[in-house]
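The structure under discussion appears below in the form of structure tokens.
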Amino acid sequence: MKTLLSSFILYLAISMLCCPLIFAQEYISGYLPEDAKIRIGKGSVNDIAFSPDNTQLAVGSSIGIWIYDRQSGKELALLTEHTSRVSSVCFSADGTQLASGSYDHTIMLWDLQSSEIIATLSGHTGSVYSVAFSPDGKTLASGSSDSTIRLWDIHTGEIKTTLTGHKRSVYSVAFSPDGNTLISGSRDEFIRCWDVKTGEPIRTIAGHVDRVSGVIISPDGEKLASYGYDEKIHVWNAKTGEFLMSLVPNYEGVNTDRERIYSIAFFSDSHTLISGSNNGTIRVWDINKKQIKFTHNGNGRRTYTVKFNPKGNTIASYGSDNTIGIWDIATGKLVQTFDGHTVGSVWFAMYASHGRTLACLLTTGDFQLWDTKTHTLIKTVDTELNRITCTAYSPDNVTYACGNSEGALAILDADSGEQYHVIMEAHTARITSVAFNADGSILASCGYDKVVRLWNAYTGNLINSFVGHEQNIYDLAFSPSGNMLISAGSGTIRMWDVSTGKTVKTIENFADRINKIAYSPSGDMIVSSSSDDIIRFWDAKTGEHIKSITPKKPTISVAFSPDGRTLASSHRGETNPWDQGEINLWDIDTGELKKTLIGHTEYISTIVFSPDGKTLMSSGSDRTMIFWEINPW
């Protein structure tokens, strides 16, 4: 077991340093959207499943279902018909079909030989969190955020029975080995057992004091294991519901108060259980002895799922870095890795003025530099700041700056990452936006303390503080000349004279919150996007309203093309931010919608034009970066 522990640690170190972030440019069908020229990342991983014969691995991701050849690791197919993230995947007992559940409220049945859809099962009114085939392959069970469980006839695609009783979301469903009983776990803290033939409840099991995230039944059908947000793994008699034990680390040095279990799986012997947790710990338990057989400490990284493959005697696991590792239990060796899912969710991005480098701020607070020619990661920059919230590149490409949620500001060398200045109390609350003026000599920052501050980018000294906003400030921008600065907050846009710090114009009472604001390249126009989802154009000198665009979906971000003729806007789902996002390209002169770019399956957090205007980069919560071909019209 020491060998296995060492191998786990070695794997994590290698995966952090050496994982490729882009795979071969001979893209698999369905991966590259129309009008896109490059895509980086395979999407975040939500579930994994071994085929019964151990020849394939299915990965449910934010962009679809990846089917891998288990031995070679080659991508065999990408199934992309879902319009939102895939939360659950499972193979039929004979391995010919795959079922997938999604946040788009549907379940899809796939023929794995042809990679075609057999049926789309519709009926749930909420996200589908879990799907499971019955052992005979005739029935599929699904659990949903609509609090129901549905049993589907595989041959007809019709609902056989709807099981009601849970009061909140159903996160997990599992059949007994004989197929006669279905087990479900819910956010209502209860486990319920159901008679599959009649649809009647058999019993309700109480014991968790928070949501029940997962339930599984041992291969011999004797034990039921459950886990949830109360940080407990409970084991029950599957036939009577009798409580048998709680699995708790039984040695010193383990802080179980802060450990949340994310996944469990039974081995084929039915008395060995593996668990993964939010602190990266993977444990293998001997249930008969109520002891841990071995533990792996992942140094604080989360382990979201562990799956056992009876045929190959292997474990599959993935964690917060979204690298999937396959382990041989007998030898403790890392057998295989499936890479490409490791691209983070980009919150903000900016091109260097020469266009060869793209700076990206991830939602994790990490700051990355990418080569735009090779589309490879140059480096991840380490700063003294935690929880970075915003960043900016200086126009001369020498410096970048970032602010964090604690009000600290850092100014760094763009090439080396060396920190020129770290100002720990630049603001008294979260910094929401930073921007350089035209020559890179002045850095502006704003945040939740309702103040705009100007800094000398070379010395780090405070130049001035602009006071006037009465509520949080969310964004700011310098005019192309650098003489003016605009800031946007809760319902107000202020236009400032940079030299005097005086308010030149205030635009207010048109929306509850202004999310994004930008100057046109010529400096004669300002664009804003706000909480009412209307895009407004303003005269940069007078502050007068020029015109508005009302997209069909809620607006997240806006960006001018370098020639000032096109405005790009990103949008999320109308009712659910996890729904498929889209990008609109607008003719600024006419306000006409010229093109809609569809490729992201979720929230699009950032869009940015390359300096030559020929490329638009977008990224978001589906954890892919798409580089779109922009052609003039």
Steps toward side chain to side chain contact (heavy atoms under 4.5 Å, CB included) verdict (D47, V86): CA-CA 8 Å; D47 196 20; V86 176; over 6 Å; no
W347 and T606, any side-chain heavy atoms less than 4.5 Å apart: no
Distance-minimising heavy-atom pair for A511 and R536: CB-NH1, 4.3 Å
Verdict with supporting geometry, T376 and T374, side chain to side chain donor-acceptor pair (under 3.5 Å): CA-CA 5 Å; T376 54; T374 63; 2.7 Å; yes
Main-chain N/O of N46 paired with Y318 side-chain donor or acceptor, under 3.5 Å: yes
Any P611 side-chain heavy atom under 4.5 Å of H354 side chain: no
Residues W370, T357; criterion side chain to side chain donor-acceptor pair (under 3.5 Å); working and verdict: CA-CA 6 Å; W370 288 79; T357 306; over 6 Å; no
Minimum side-chain heavy-atom gap L443-I411 below 4.5 Å: yes
Whether S570 side chain and S557 backbone form a donor-acceptor pair below 3.5 Å: yes
Over 12 foreign heavy atoms within 6.0 Å of CD, E470: no
Heavy-atom donor-acceptor pair, T389 side chain to I431 backbone, under 3.5 Å: yes
Derivation and outcome, side chain to side chain contact (heavy atoms under 4.5 Å, CB included), residues I463 and N461: CA-CA 6 Å; I463 298 173; N461 293 330; over 6 Å; no
Test item: side-chain donor near acceptor, T459 and H421, under 3.5 Å: no
Ring-face cation contact, W628 with K37, 6.0 Å cut, 45° max: no
Check: D475/S433 side-chain N/O donor and acceptor closer than 3.5 Å: yes
Side-chain donor/acceptor of T399 to backbone N/O of S394, under 3.5 Å: no
Gap separating the CG atom of D533 from the NZ atom of K553, nearest 0.5 angstrom: 12.0 Å
Backbone of V346 reached by a side-chain donor or acceptor of S605 within 3.5 Å: yes
Check against side chain to side chain contact (heavy atoms under 4.5 Å, CB included), N515 and I556: CA-CA 7 Å; N515 300 315; I556 303 166; over 6 Å; no
Heavy-atom pair of closest approach, residues F367 and A359: CZ-CB, 3.8 Å
Which atom of Y458 lies closest to which atom of N456, heavy atoms considered: N-OD1, 2.8 Å
Under-4.0 Å salt bridge between D612 and R356: no
Counterpart residues, ring pair (Phe, Tyr, Trp, His ring centres under 6.0 Å), relative to F466 (two or more places apart): W496
Heavy-atom side-chain contact between I517 and I493 under 4.5 Å: yes
Side-chain donor-acceptor pair present, R494, S487, cut-off under 3.5 Å: no
Parallel, tilted or perpendicular: rings of F627 and H375 (30°, 60°): perpendicular
Contact check, side chains of Q368 and L377, non-hydrogen atoms, under 4.5 Å: yes
Gap separating the CG atom of D563 from the CD1 atom of I630, nearest 0.5 angstrom: 11.0 Å
Distance in Å, L121 CG paired with H105 NE2, rounded so as to fall on 0.5 Å steps: 15.0 Å
Donor-acceptor under 3.5 Å (H545 side chain, K547 main chain): yes
salt_bridge(E582, R572) N-O dist < 4.0 Å: no
Side-chain (S127) to main-chain (Y129) donor-acceptor, under 3.5 angstrom: no
Validation row: S102, V128 side chains within 4.5 angstrom (heavy atoms): no
Aromatic contact, F510 with W538 (centres under 6.0 Å): yes
Over all atoms of both residues, closest heavy-atom pair of V451 and S465: CG1-CB, 4.0 Å
Any donor-acceptor N/O pair, R39 side chain to Y31 backbone, under 3.5 Å: yes
Non-hydrogen side-chain atoms of R453 and C446 separated by less than 4.5 Å: no
Those residues that, when tested against N404, pass side-chain contact (heavy atoms from CB on, under 4.5 Å) (two or more places apart): L385, E406, A408
Heavy-atom donor-acceptor pair, S610 side chain to T615 backbone, under 3.5 Å: yes
Min side-chain heavy-atom separation I607-M617 under 4.5 Å: no
From I486 atom CD1 to K505 atom NZ, the distance as rounded to the nearest 0.5 Å: 14.5 Å
S479 vs N483, side chain to side chain donor-acceptor pair (under 3.5 Å): CA-CA, chis, key distance, verdict: CA-CA 7 Å; S479 63; N483 296 326; 5.9 Å; no
Heavy atoms from other residues, nucleotides or ligands near NZ of K541 exceed 12 (cutoff 6.0 Å): no
P521 to S561 - nearest heavy-atom pair and separation: CG-O, 3.3 Å
E629 and K614 ion-paired at < 4.0 Å: no
Chi angles and distances behind the side chain to side chain donor-acceptor pair (under 3.5 Å) call for H82, T80: CA-CA 6 Å; H82 283 294; T80 59; over 6 Å; no
S353 side chain to N397 side chain, donor-acceptor N/O pair below 3.5 angstrom: yes
Any side-chain donor near an acceptor of the partner, S618 and H600, under 3.5 Å: yes
Check: S61 main-chain N/O paired with S44 side-chain donor or acceptor under 3.5 Å: no
Short N-O contact, K595 and D35, less than 4.0 angstrom: yes
Closest heavy-atom pair and its distance - D146, T125: OD2-N, 3.0 Å
Donor + acceptor pair across side chains of W455, S445 (<3.5 Å): yes
Full working for salt bridge (Lys or Arg N to Asp or Glu O under 4.0 Å) between E75 and K42: CA-CA 11 Å; E75 301 97 352; K42 297 180 179 179; 2.7 Å; yes
Residue pair H124, I107: steps toward the side chain to side chain contact (heavy atoms under 4.5 Å, CB included) verdict: CA-CA 9 Å; H124 281 294; I107 299 131; 3.9 Å; yes
Side chains of S569 and W586, donor plus acceptor under 3.5 Å: yes
ring-ring contact (aromatic ring centres under 6.0 Å, His included) assessment of Y400 paired with F436: CA-CA 9 Å; Y400 59 79; F436 285 94; 9.1 Å; no
